[in-house]
Amino acid sequence: MKTKMILSNLLILLFVTGCNLNGNKGNDTIVLDNKTYELEWYENFDSKDSLENKWWCLNEDFGESRAGNGYHIWASENNFNVENGSLVLKANVNHEKKICASATIQSSKLFEIKDTMWEMKFKASKSLGGDWFVFLLLPHNKKGEYKYPLYDAVTLNEITPIELQSKYKKYRSAGYFYNNNTNNGNNMDTNRDVLIEDNFYNTWHILKFIWDDDNYYCYMDDVVVYEVNKNEVLKNIPDDDLYGRIYLGADMMGEWSGIIDTNMEEALYYVDYIKVWKKK
């Protein structure tokens, strides 16, 4: 009887913790534009286990910089947490000391990017015009190496499903790559800005970002907000060189290397879940 009880308790434990043991894999499917996607991985932030078990970790490389007006910004492990079933990213500033603590984290899991759909449910606090929130896919190769050269000529730096700049009341998407021969950085798409109204804040939104064969697409609340034709560099990246880690960041600059808004003290962003789908 005692042995049966131990086995029973063990089975219950495995069932309860199965999501974490299996890396939060799913088996749901979804059809979008006549294409079927299968759920590969998800994170619903129901508890702090995701942070404590190192599914997500502080990203210091992307989290330290200096704003245009001299404020020092760095990534703080105290600025991301799980509360009420959501990931909370916080940016706060001390104007007297001219320092800003930001939230910059990335997934420990490496994802294949080809034929994927990324889904995120999020909301932003009402802004006074200076905060910045970004959801990136940081490119790696299959070995997990970051900032690797492609064809010894081009480095794919980042893929940006969403960059929200409340200062300019807009969000956008972009793919950045770097020409190693000319030492020039290129933005694959610089004109896909989407303006947002004040009622965008404090309301949950669902972003879907699709990396397809020749294009990528962004849906906001089930509406296509932009479609971008991938250039030849991105179309021809070998499959083994098209992996990425999820990166989430929030700070008070209003844009990358921007100026800290001296009227702001805190900005908050909430992520209810992230799902990664694979086209069947």
Side-chain angles (χ1 to χ4, degrees), residues 43-108 120-138 158 160-172 196 198-207 245-274:
E43 175 60 86
N44 53 22
F45 299 110
D46 280 347
S47 72
K48 295 182 179 180
D49 289 346
S50 299
L51 303 182
E52 294 171 353
N53 292 339
K54 299 301 182 182
W55 288 116
W56 301 88
C57 58
L58 182 71
N59 187 313
E60 294 178 330
D61 289 340
F62 274 71
E64 184 162 5
S65 60
R66 187 167 295 277
N69 52 348
Y71 280 69
H72 181 224
I73 303 169
W74 77 95
S76 172
E77 62 183 7
N78 298 320
N79 279 37
F80 60 93
N81 201 359
V82 172
E83 300 175 6
N84 300 319
S86 297
L87 173 68
V88 181
L89 302 171
K90 179 175 68 173
N92 56 327
V93 62
N94 183 317
H95 294 296
E96 182 179 352
K97 296 182 178 180
K98 300 188 75 172
I99 57 176
C100 176
S102 63
T104 55
I105 64 173
Q106 74 174 35
S107 67
S108 57
M120 177 176 67
K121 184 177 180 181
F122 74 98
K123 70 177 178 180
S125 63
K126 178 61 179 173
S127 169
L128 296 176
D131 57 313
W132 175 82
F133 171 64
V134 67
F135 168 38
L136 302 179
L137 304 178
L138 296 181
E158 65 186 55
T160 311
I162 184 173
E163 178 186 13
L164 194 157
Q165 299 176 347
S166 59
K167 177 180 180 180
Y168 300 109
K169 297 185 177 180
K170 69 180 183 181
Y171 61 81
R172 68 173 183 171
I196 54 179
D198 286 343
N199 59 11
F200 185 88
Y201 298 98
N202 296 320
T203 302
W204 289 105
H205 300 279
I206 296 179
L207 168 83
R245 301 187 193 277
I246 300 172
Y247 168 87
L248 296 166
D251 63 40
M252 307 287 279
M253 290 187 291
E255 59 183 321
W256 181 249
S257 298
I259 295 175
I260 296 293
D261 189 333
T262 56
N263 294 317
M264 292 192 67
E265 294 183 357
E266 183 177 82
L268 296 170
Y269 290 90
Y270 304 85
V271 180
D272 186 54
Y273 65 75
I274 295 175

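On a predicted model such as this, the values are computed, not experimentally measured, just so you know. We're numbering straight along the sequence, starting at 1.
Between E265 atom CD and C100 atom SG the span is 12.0 Å, to the nearest 0.5 Å. Here CD1 of I196 is found 10.0 Å from CD of Q165. Values are rounded to the nearest 0.5 Å. Note: Y171 OH to T160 OG1 = 14.5 Å, rounded to the nearest 0.5 Å. To the nearest 0.5 angstrom, Y201 atom OH is 6.5 Å from Y269 atom OH. To the nearest 0.5 Å, atom CG of residue N79 and atom CD1 of residue I105 are 11.0 Å apart. Separating the CD atom in E158 from the CD atom in E163 is a distance of 7.5 Å, to the nearest 0.5 Å.
Y71 places a side-chain heavy atom less than 4.5 Å from the side chain of H95. Side-chain contact between V82 and S50 is absent, with no heavy-atom pair separated by less than 4.5 Å. For the pair L248/M120, a side-chain contact is recorded, criterion being any heavy-atom separation below 4.5 Å from C-beta on. When side chains are defined from C-beta on, E43 does not count as touching L87, because their heavy atoms never get closer than 4.5 Å.
The main-chain N or O of W55 is found under 3.5 Å from a side-chain atom of S108 such that the two form a donor-acceptor pair. A donor-acceptor contact shorter than 3.5 Å is absent between the side chain of S102 and the backbone of D251.
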F135/V271 under side chain to side chain contact (heavy atoms under 4.5 Å, CB included): CA gap, chis, key distance, verdict: CA-CA 11 Å; F135 168 38; V271 180; over 6 Å; no

Residues C57, Q106; criterion side chain to side chain contact (heavy atoms under 4.5 Å, CB included); working and verdict: CA-CA 6 Å; C57 58; Q106 74 174 35; 4.1 Å; yes

Side chain to side chain contact (heavy atoms under 4.5 Å, CB included) assessment of F122 paired with F133: CA-CA 11 Å; F122 74 98; F133 171 64; 4.1 Å; yes

Side chain to side chain contact (heavy atoms under 4.5 Å, CB included) assessment of Y247 paired with V134: CA-CA 8 Å; Y247 168 87; V134 67; 3.7 Å; yes

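Aromatic ring orientation, W56 versus F45: tilted (interplanar angle from 30° to 60°).
Contacts of D46 classified as side chain to side chain donor-acceptor pair (under 3.5 Å), with partners at least two apart in sequence or in another chain: N44.
When every heavy atom of A67 is checked against every heavy atom of I73, the shortest pair comes out as CB-CD1, 4.0 Å.
The number of heavy-atom neighbours closer than 6.0 Å to NZ of K123, taken from other residues, nucleotides and ligands shown, is above 12. Annotation for E77: atom CD does not count as buried by contact number, only 12 or fewer foreign heavy atoms lying within 6.0 Å. Atom NZ of K170 sits in a crowded spot, with more than 12 heavy atoms from other residues, nucleotides or ligands closer than 6.0 Å.
No hydrogens or angles considered: a donor-acceptor pair under 3.5 Å links the side chains of S166 and D131.
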